[in-house]
Amino acid sequence: AKNDVDQQTIALEKSVSEVRRANTDLADQKFALDQHSIVAITDVKGDITFTNEKFQQISGYSGEELLGKNHRFLTSGFHDDDFFKDMYLCIGKGEVWHGDICNKAKDGELYWLDTTIVPSMKNGKPQSYIAIRSDITERKANEMELIEAKDIAENAALSKSEFLASMSHEIRTPINGVLGMLGLLTKSELDKDQRHKTSLAISSAESLLFLINDILDFSKVDAGKLELEMLDFNLRTQLGIFAGAMALRAQEKGLELILDVTGIKHSMVVGDPSRIRQVLTNLVGNAIKFTESGEVVIRTELKDEGDNNLTFHASIIDTGIGIPADKIDNLFESFTQVDASTTRQFGGTGLGLAIVKKLVELMQGSIHVSSESGQGSQFEFSIPLQLSTQSQQVIPQVDIAALKLLVVDDNATNREVLRGQLESWGAKVVLADSGAVALALCQQCLDEGRALFDVAFLDMQMPFMDGAQLGQVLRKNNSFDNMKMIMMTSMSQRGDAQYFADLGFVAYFPKPVTTSDLFDALAVVADDGEALRTAQPLLTQHYVKSLNRHDSVDRQSAWPADVRILLVEDNNINQEVALGMLKEIGLTADTANDGKEALAALNNTLVDSPYTLILMDCQMPIMDGYSTAKAIRAGQGGQYYCDITMLALTANAMSGDKQKCLDAGMNDYLSKPINPDDLVIILEKWLCVHDISVINPDAPLLDRRLQEEHVPEADQVIEANTELEIWDEQAALKRMSGKPKTLVRIAELYLNTVPAEFAAVKAAMEADDRSGLHELAHKIKGIAGHLSAMQLCHIAQRLEVMATAQQTNSIELKSLCTQLQDAHELVCIRIQSFLKLQK
Ligand code: ADP
């Protein structure tokens, strides 16, 4: 038994000493904890039962002052009630809580604590809470400072972009004045010296404008102010137009500009055409600028990535001065130029490539450059696009698989590009690099008794024997009579058409060759009857367009006779510029100085000479363009003008501006400084009625015979007035200022767009949608009136009245709709035969 007691004593002593050691350890740990942390213990209500020295130090209260107080009395007011609710919910459940708390010291100073609260549990319930914390006041202060600095920076960026928006207005407005006035000055009588000085002033003003545009673009992307548009567009056409626009610059330097679109099988894509054009303009502009001789090739490809996704690749390859290897890396940074002397020689801001890169990346694409000094440069970029639902494979209407074609060009790249395009359509293509080789090839066909070429494409600018000379030689030999000749030239002068016709060419177009040029040219081959016998050389669409550009004399009388323009603009100089430009193209305008005056002008117009179009400045005192447009759409300028065409003139070039104009109810948008060519294009678009559905049915266009007629009473016998003409072609022609071309366009528009209206009439009839019928009839009346389709107009007018008249029954309505449809079909037949005759 003694042994037992001894053993128990030993065990007891051992455990006592273990407990003692554990106690010492605990005390050591507590000491260490107290050195580092701020510690407090509260009961479950939050009343303080213990604080360590550090707690007392930071709070400024003594231990006694704190004891028994609720912890709440230290709150700073920084946190809301929910913050503490969440905290108590967490520790009340027995979980550990972490967080940053801001408390208030005795002297009122706030201090921040990184806090951990641990509940002490008994029988599954918290008995007390132990809070252990570190002082993070300094870190918090730094954080706050950073946030504040960030806010300041963000505000600064915002005001920077706002500053830019107004700067763009403020700077462009006077430049508009300068450029516009100088442009008008060059049209007046000037002696040689004055002309020289004026042209220098113009080129300086233009550089200034370029510079401002560059800076704006650059900062816009930076400020996130540049939004991408997602539009359906025809990529091939856009590339063709773009290359056509750049061709002149290349021509002036004697460079060959080659556009290769063989790799583009789909025409319609979805993307941002203007940004793509901007990128191309910069890259091709640089390529032309930095190339003294040789060629600039724009090679493009559209890759199908599946799932309607496409990748557009473009390479711009030049044979110019190239870029040294050590400069290539930071070429895309802003204000980088390879050396100062090139700048002096070529001009430029060093911003172009930086903008290009930003734009490409904004479109989720990438760009690379490779170059060899002295050999030339190659810029390649890729951009994702989407397949448009309107997409069609590009195939010419002509069956060219059966054709044997000859391409004569001294430029190897051009030959290959043409061959690629023509062969991709299935034609057999033979190449010749000079007139002599071409003649030899033709002779060979004769000698060997093989079929001659169906068509020969001849380049005009070739050494030794140019295209015209070659053409002459070929035409002298009657054995070659069946070979049609098409001229490709980089010259574009008026009178060329006759010259080439006399030489025996059936068509010609300017380089760079576009797909549509080739289509058009080959169409000549297919149509070997009428068109060829009256062989005016066929000008391709493209060429007709570029000729038209310089054709302001012809345009003078091309406007519809009833055009009346109201110019709303506050700036005197800009008023004069716009009026001057309008005068140049044979138009005049009344002016209003602000929105109020504009409304007054509209309300006071004479019935027999209403306005047909408003040019509206956006920033104006008293009443700006946006509110004026809204007011006009709301009828404040009179009911008649609710639908008038309004074109915004704005100096703002920031994103959203265009939308703002459209949202305000304007139809289109022209940015300042006004470019005379753009002005003509936009006016042609809106005045010459390209879209028949925009014709205002209320416009005073109806033939007098119709106007004199009384509006039919609803209960009148419904009968087609067969005395009226189906289509008064002469009256219509007169309305188009005697221009058969305009009439052709309108007639084509009729065939393309009006059948849809009739489908809608049918649907409305079936649904017994009377007000829908009323509106449709109103619209058709307007269109028919514009075209002098008298019967149709008459029936539409009846339908318009009857549709909403109470006593009309559906049988009567149905009868009218059938008559309407019949009249429409008669008009279609007449129009079709008219169009056939015109062709
Ligand atoms: P810049 O307005 O000076 O043309 P960019 O950013 O467009 O500004 O171009 C920057 C510089 O890159 C140019 O000054 C030129 O030195 C060089 N560079 C750009 N494109 C070419 C090119 N195709 N060939 C040779 N050098 C080029």
Side-chain angles (χ1 to χ4, degrees), residues 203-222 226 239 242-243 245-260 274-300 313-363 365-383 413 512 653:
S203 86
S204 302
E206 279 173 348
S207 322
L208 182 60
L209 184 62
F210 275 128
L211 181 62
I212 287 165
N213 284 343
D214 269 2
I215 295 175
L216 268 175
D217 270 343
F218 184 77
S219 343
K220 268 194 288 183
V221 186
D222 258 0
L226 208 131
L239 288 169
F242 162 74
M246 298 303 279
L248 194 69
R249 273 199 240 172
Q251 237 173 76
E252 279 167 1
K253 291 189 75 174
L255 299 174
E256 191 87 32
L257 180 66
I258 299 163
L259 172 67
D260 183 358
S274 12
R275 296 299 154 218
I276 293 177
R277 192 186 165 111
Q278 200 177 351
V279 168
L280 282 168
T281 308
N282 262 308
L283 295 179
V284 176
N286 274 346
I288 295 173
K289 190 158 85 172
F290 296 109
T291 303
E292 258 345 284
S293 65
E295 60 190 37
V296 172
V297 185
I298 311 166
R299 188 154 285 162
T300 56
H313 291 284
S315 320
I316 290 84
I317 309 150
D318 67 51
T319 53
I321 59 171
I323 302 157
D326 60 325
K327 304 282 178 179
I328 270 197
D329 283 344
N330 43 12
L331 206 58
F332 292 105
E333 277 160 32
S334 46
F335 300 109
T336 311
Q337 286 169 325
V338 169
D339 68 50
S341 63
T342 48
T343 320
R344 236 168 291 131
Q345 192 183 345
F346 300 109
T349 58
L351 273 176
L353 289 178
I355 295 171
V356 162
K357 188 170 161 82
K358 276 177 196 281
L359 288 177
V360 168
E361 284 173 356
L362 195 68
M363 292 187 274
S366 57
I367 180 159
H368 304 281
V369 54
S370 55
S371 174
E372 213 170 299
S373 219
Q375 302 293 308
S377 316
Q378 169 161 0
F379 286 82
E380 275 175 277
F381 69 90
S382 310
I383 293 172
T413 316

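For ligands, and for the atoms within them, numbers begin at 1 and follow the listed sequence.
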* To do: State, with a plain yes or no, whether a side-chain heavy atom of Phe381 is found less than 4.5 Å away from one of Leu359.
  => no

* Asked: Is the closest heavy-atom distance from Gly322 to ligand 1 below 4.0 Å?
  -> yes

* Structure fact -> Note: heavy atom closest to atom 4 (O) of ligand 1, options Lys289, Lys357, Lys327, belongs to Lys289

* Considering only heavy atoms of Ile323, which atoms of ligand 1 have at least one such atom less than 4.0 Å away? -> 25 (C), 26 (N), 27 (C)

* To do: List in chain and number order the residues that pass side chain to side chain donor-acceptor pair (under 3.5 Å) with Thr413, two or more places apart in sequence or in another chain; answer none if no residue qualifies.
  => Glu295

* Checking Thr300 side chain against Asp260 main chain: does a donor-acceptor pair fall under 3.5 Å? -> yes

* Asked: Counting heavy atoms only, which of Leu353, Asp318, Ile328 is nearest atom 5 (P) of ligand 1?
  -> Leu353

* Single hit among Ser370, Ser377, Ser373 for side chain to side chain contact (heavy atoms under 4.5 Å, CB included) with Ile323 -> Ser377

* Asked: Do any N/O atoms on Phe379 end up under 3.5 angstrom from N/O atoms on ligand 1?
  -> no

* Sort out for me which residue in Arg249, Met246, Lys289 forms a side chain to side chain contact (heavy atoms under 4.5 Å, CB included) with Val284. => Met246

* Structure fact -> Note: Leu331, heavy atoms under 4.0 Å from ligand 1, region reported as side chain

